[in-house]
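Report on the following structure.
Small disclaimer: the values here were computed from a predicted structure and weren't measured.
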Amino acid sequence: MAQRLATEYVKTCLQLTEAEMFRFFQMFVDHQVTLQVKVLENGNQEVVFQDGAGQEIVLSFEKKSGLYECTGSCRLSNTLLANLMRKAVSEFKGSATVNRIYSSYTMVYYYERGTVVKIEEVKGQLITVIYEFRDTIGLMQEMFQKREVEQEIEMIYDQINHLLDLRNMVQEQGEHQQIDTRLNELTHRLFILEA
């Protein structure tokens, strides 16, 4: 198995309440990562996470509408910090683009609301999609909710029934041909819709 050289968090975005912020800090402290929190005048916070080997992450949290928002990037060579960041993005429903860098290729993970939605392998100029999330259940529900075709079919059946009743009442041959032409058009349309 290839050795990961570094993990790069690009376009990371976390939005945390005050309680979630405490849990976020605690997650790192529980794994013997030391942290220093600098509270700035406007309520914003700058947090430095440092592991025992000297690797550190500096994250800035801006206070917006009662939430602490962290946007930014960091590059980690320490597996512990990289895994804690992955867990934080997942648990706190964050969004991020994560580059897991190996000697001959890079795996790019795209997170949306804490879930991996796409994985790509990048080797030089060649990009291969390894995984891509498709909301098949949502697409199927959307298809079932679309009833336009069924409604058109019902409308055509009603028109056909009306024309058949009219044909039975009318005696003139010219009117029969007009009705038959219209019935032919409607049955052809019905055939297309039901296929």
Look at the side chain of Ser90 and the backbone N and O of Arg86, then say whether any donor-acceptor pair between them is shorter than 3.5 Å. no

For Glu62 versus Asn44, what's the shortest heavy-atom pair and its separation? CA-OD1, 3.4 Å

Value rounded to 0.5 Å, distance of CG in Asn83 from NE2 in His31: 9.0 Å

side-chain hydrogen bond (donor to acceptor under 3.5 Å, both in side chains) pairs, two or more places apart, involving residues 160-176: Arg167-Asp180

Could you measure the distance from the CZ atom of Phe49 to the CD atom of Glu56? Nearest 0.5 Å is fine. 11.5 Å

If you take all heavy atoms of Phe61 and Met21, which pair is closest and at what distance? CG-CE, 3.5 Å

Let's go through Lys93 and Glu20 carefully: what are the C-alpha distance in whole Å and the side-chain angles of both, what is the deciding distance for side chain to side chain contact (heavy atoms under 4.5 Å, CB included) to 0.1 Å, and is it a yes or a no? CA-CA 11 Å; Lys93 309 291 184 220; Glu20 289 173 330; over 6 Å; no

Looking only at atom types and distance, does a side-chain atom of Thr34 sit under 3.5 Å from a main-chain N or O of Gln50, one as donor and one as acceptor? yes

Applying a strict under-4.5 Å side-chain criterion to I, L, V, M, F, W and Y, I'd like to know whether Val10 and Val108 cluster together. no

Is Gln36 atom CD crowded by more than 12 heavy atoms from other residues, nucleotides or ligands, each under 6.0 Å away? no

Kindly determine whether Cys70 and Thr12 satisfy side chain to side chain contact (heavy atoms under 4.5 Å, CB included), including the steps that lead there. CA-CA 7 Å; Cys70 172; Thr12 306; 5.6 Å; no

Measuring from atom OG1 of Thr106 to atom CD of Glu121, what distance do you get when rounded to the nearest 0.5 angstrom? 9.5 Å

If you measure from CG on Leu81 to CG on Leu76, what distance do you get to the nearest 0.5 Å? 5.5 Å

Please examine the side chains of Lys63 and Asn42, heavy atoms only from C-beta on, and report whether any two atoms are closer than 4.5 Å. no

Verify the neighbour count for atom CZ of Phe22: are there more than 12 heavy atoms of other residues, nucleotides or ligands below 6.0 Å? no

Connected via hydrophobic side-chain network under 4.5 Å: Leu14 and Val39: yes

Check Ala82 against Arg4 and note the closest heavy-atom contact, atom names and distance. CB-NH1, 4.1 Å

Should Gln26 and Val29 count as side-chain neighbours, where that means a heavy-atom distance under 4.5 Å? yes

Between Tyr110 and Val122, is there shared hydrophobic-cluster membership here, with clusters defined by ILVMFWY side-chain heavy atoms closer than 4.5 Å? yes

Looking at residues at least two apart in the chain, or sitting in another chain, which of them share a salt bridge (Lys or Arg N to Asp or Glu O under 4.0 Å) with Lys118? Glu120

For residues 182-194, which side-chain N or O atoms pair as donor and acceptor with protein atoms under 3.5 Å away, sequence neighbours left out?
residue	atom	partner	partner atom	Å
Arg182	NH1	Glu185	OE1	3.1
Thr187	OG1	Leu183	O	3.1
Thr187	OG1	Asn184	O	2.9
Arg189	NE	Glu152	OE2	2.9
Arg189	NH2	Glu152	OE1	3.2
Arg189	NH2	Glu152	OE2	3.1
Glu194	OE2	Tyr157	OH	3.0

Less than 4.5 Å apart, side chain to side chain, heavy atoms only: is that true for Cys74 and Val58? no

Starting from Met27, can I reach Ile57 by hopping between I/L/V/M/F/W/Y residues whose side chains sit under 4.5 Å apart? yes

Nearest heavy atoms of Leu67 and Gln15, plus distance in Å: CD1-CB, 4.4 Å

Less than 4.5 Å apart, side chain to side chain, heavy atoms only: is that true for Thr7 and Asn99? no

So which atom in Ser95 and which in Arg113 form the shortest heavy-atom distance, rounded to 0.1 Å? OG-N, 3.6 Å

Would you say the ring centroid of Tyr9 lies under 6.0 angstrom from that of Tyr111? no

Heavy-atom count around Glu18 CD within 6.0 Å, excluding the residue itself: above 12? no

Hydrophobic cluster identity match, Ile160 and Leu166, side-chain contacts under 4.5 Å: yes

Nearest-0.5 Å distance that lies between atom OG in Ser73 and atom CG in Leu59: 10.0 Å

Does CZ in Arg23 sit with more than 12 non-hydrogen atoms of other residues, nucleotides or ligands closer than 6.0 Å? yes

With side chain to side chain contact (heavy atoms under 4.5 Å, CB included) as the test, pick out the partner of Phe25 among Val37, Leu16, Val33. Val37

Spacing of CE belonging to Met107 relative to NZ belonging to Lys123, to within rounding of 0.5 Å: 9.5 Å

Is any side-chain heavy atom of Val98 closer than 4.5 Å to one of Met85? no

Parallel, tilted or perpendicular: which fits the ring planes of Phe92 and Phe24, with parallel below 30° and perpendicular above 60°? perpendicular

